[in-house]
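Beneath this line is the structure, given in structure tokens, with notes to follow.
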Amino acid sequence: LDLSSIRRRPYIILTKRHNQNNTHNMSSEKEEETNRGQGQQMLDRLRSETFNISTEAALASHPYVCAAENGKLSMKQRQAFVQEQYAIQHSDAISFASLAGHKGFGPLSLADAVLPDPAIGRSADDLFQFLLGGELYASKLLLQCAEKLGIDEAGLKSHQTSPLAQAYPSYWARLACLGIELPGRRLVPSIFPLGAKCANVWWRRLAIQRMDMAMMVSTIRHLDLSISLPLR
């Protein structure tokens with residue numbers, strides 16, 4: 001009986017397991033790297049699409065955006081933004097919740113709403129779960145912004161919204177009612193130009209003067225060229 005081979009066996013087994021784990025980890029890392037590369041390629045392609053380029057150009061000269069960049073938005077314009085955005089946030093949150101598998105999510109207010117755990121069968125990084133969390137986080141900032149503009153939540157709720165301003169959330173609502181996810185996933189990149197413009201507004205205004213973060217984070221989100229906000 002070769003006792004030395006018996007003594008070596010646990011080491012051999014552990015070595016094999018270690019090599020298997022390393023191979024698995026390397027495979028996972030390679031897969032993640034491939035996914036990131038494919039994701040970046042998709043983002044680059046979307047940013048080069050005609051809709052993205054034309055929207056960026058149109059936003060650059062939009063009167064509301066220009067006024068925001070130069071710090072010349074009137075009180076009426078700022079109030080109109082938070083009033084319309086309040087309805088947009090509430091509608092989008094319910095739509096995203098439905099698409100994330102939370103069919104019973106429908107709070108009267110997002111002020112105290114809690115992000116539910118991912119639905120059964122959904123991962124923690126599910127797109128619509130992520131978007132729902134974003135709406136709940138932003139809703140608190142919007143209420144802070146409204147308060148600074150002299151509007152409480154009751155005033156936001158009683159505002160008569162504009163059909164043009166609510167076109168974007170109405171599309172999400174239809175997708176949620178039908179339970180169709182793919183068009184929604186394709187819709188998300190459509191806000192790329194707006195996101196870039198918001199960043200420009202943020203940095204330009206920060207360079208001009210110090211402003212309240214809640215006010216800036218709440219500025220121009222979801223603004224579409226068709227949105228009906230007063231220009232004066």
Side-chain angles (χ1 to χ4, degrees), residues 32 35-36 38-40 42-43 46-47 52 81-148 151-153 156-157 159 161 165-203 211-224 227:
E32 290 179 3
N35 290 337
R36 283 196 298 269
Q38 292 176 343
Q40 186 60 52
M42 180 178 293
L43 290 176
L46 289 170
R47 290 189 175 106
N52 188 73
F81 170 78
V82 296
Q83 288 167 332
E84 296 293 342
Q85 182 63 15
Y86 178 82
I88 291 173
Q89 281 187 342
H90 188 256
S91 177
D92 281 355
I94 295 175
S95 297
F96 295 151
S98 179
L99 290 168
H102 309 299
K103 302 299 182 182
F105 184 90
L108 297 177
S109 169
L110 300 182
D112 300 316
V114 178
L115 179 66
D117 293 331
I120 298 176
R122 299 271 187 157
S123 63
D125 59 353
D126 178 81
L127 172 63
F128 297 110
Q129 179 80 7
F130 171 78
L131 293 175
L132 172 59
E135 293 294 350
L136 297 183
Y137 177 82
S139 65
K140 280 70 173 176
L141 299 177
L142 186 69
L143 290 176
Q144 292 176 28
C145 180
E147 183 180 358
K148 292 179 181 298
I151 308 174
D152 58 15
E153 189 168 15
L156 294 173
K157 287 183 176 181
H159 171 70
T161 57
Q166 300 303 314
Y168 177 86
S170 70
Y171 182 74
W172 276 112
R174 287 195 294 273
L175 293 179
C177 287
L178 295 173
I180 303 175
E181 294 186 20
L182 185 57
R185 295 180 185 277
R186 291 175 175 172
L187 176 64
V188 172
S190 69
I191 63 175
F192 286 165
L194 179 58
K197 200 60 184 175
C198 286
N200 291 341
V201 171
W202 164 262
W203 288 113
M211 294 190 70
D212 185 272
M213 180 176 290
M215 183 75 76
M216 289 307 302
V217 171
S218 300
T219 301
I220 321 176
R221 188 172 169 274
H222 290 320
L223 178 64
D224 184 84
I227 196 168

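Just the heavy atoms: all of them, side chains too, but no hydrogens, waters or symmetry mates, feed the values below.
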N/O donor-acceptor pairs under 3.5 Å from side chains in residues 103-122, not counting sequence neighbours:
unit_1 : atom_1 : unit_2 : atom_2 : d
K103   : NZ     : S98    : O      : 3.2
K103   : NZ     : S98    : OG     : 3.3
S109   : OG     : A111   : N      : 3.0
S109   : OG     : E153   : OE1    : 3.4
S109   : OG     : E153   : OE2    : 2.4
R122   : NH1    : L99    : O      : 3.3
R122   : NH1    : D126   : OD1    : 3.0
R122   : NH1    : E181   : OE2    : 3.4
R122   : NH2    : L99    : O      : 2.8
R122   : NH2    : E181   : OE2    : 2.6

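Residues that satisfy the side-chain hydrogen bond (donor to acceptor under 3.5 Å, both in side chains) test with H102, not counting sequence neighbours, are Q129. Taking the side chain to side chain contact (heavy atoms under 4.5 Å, CB included) definition, one finds that T161 meets it with E84, A87, H159, Q166, sequence neighbours left out.
The distance from the CD atom of Q89 to the CZ atom of F96 is 10.5 Å, given to the nearest 0.5 Å. Put simply, CG on L156 and NE2 on H90 are 12.0 Å apart, with the number rounded to the nearest 0.5 Å. One finds the OG atom of S95 at 12.0 Å from the OH atom of Y171 (value rounded to the nearest 0.5 Å). Distance check: F128 CZ to E135 CD gives 12.5 Å after rounding to the nearest 0.5 Å.
A donor-acceptor pair is defined here as one N or O able to donate and one able to accept, closer than 3.5 Å; no such pair exists between the side chain of K148 and the backbone of Q144.
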What's the verdict on side chain to side chain contact (heavy atoms under 4.5 Å, CB included) for D152 and E147, showing C-alpha distance, side-chain angles and the deciding distance? CA-CA 6 Å; D152 58 15; E147 183 180 358; over 6 Å; no
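Using cut-offs of 30° and 60° on the angle between ring planes, the pair W172 and Y168 is perpendicular.
When every heavy atom of A93 is checked against every heavy atom of L132, the shortest pair comes out as O-CD1, 3.3 Å. Of all the heavy atoms in L136 and S139, the pair that sits closest is O-OG, 2.6 Å.
In this structure, L142 and Y86 have side chains that are in contact, with non-hydrogen atoms separated by less than 4.5 Å.
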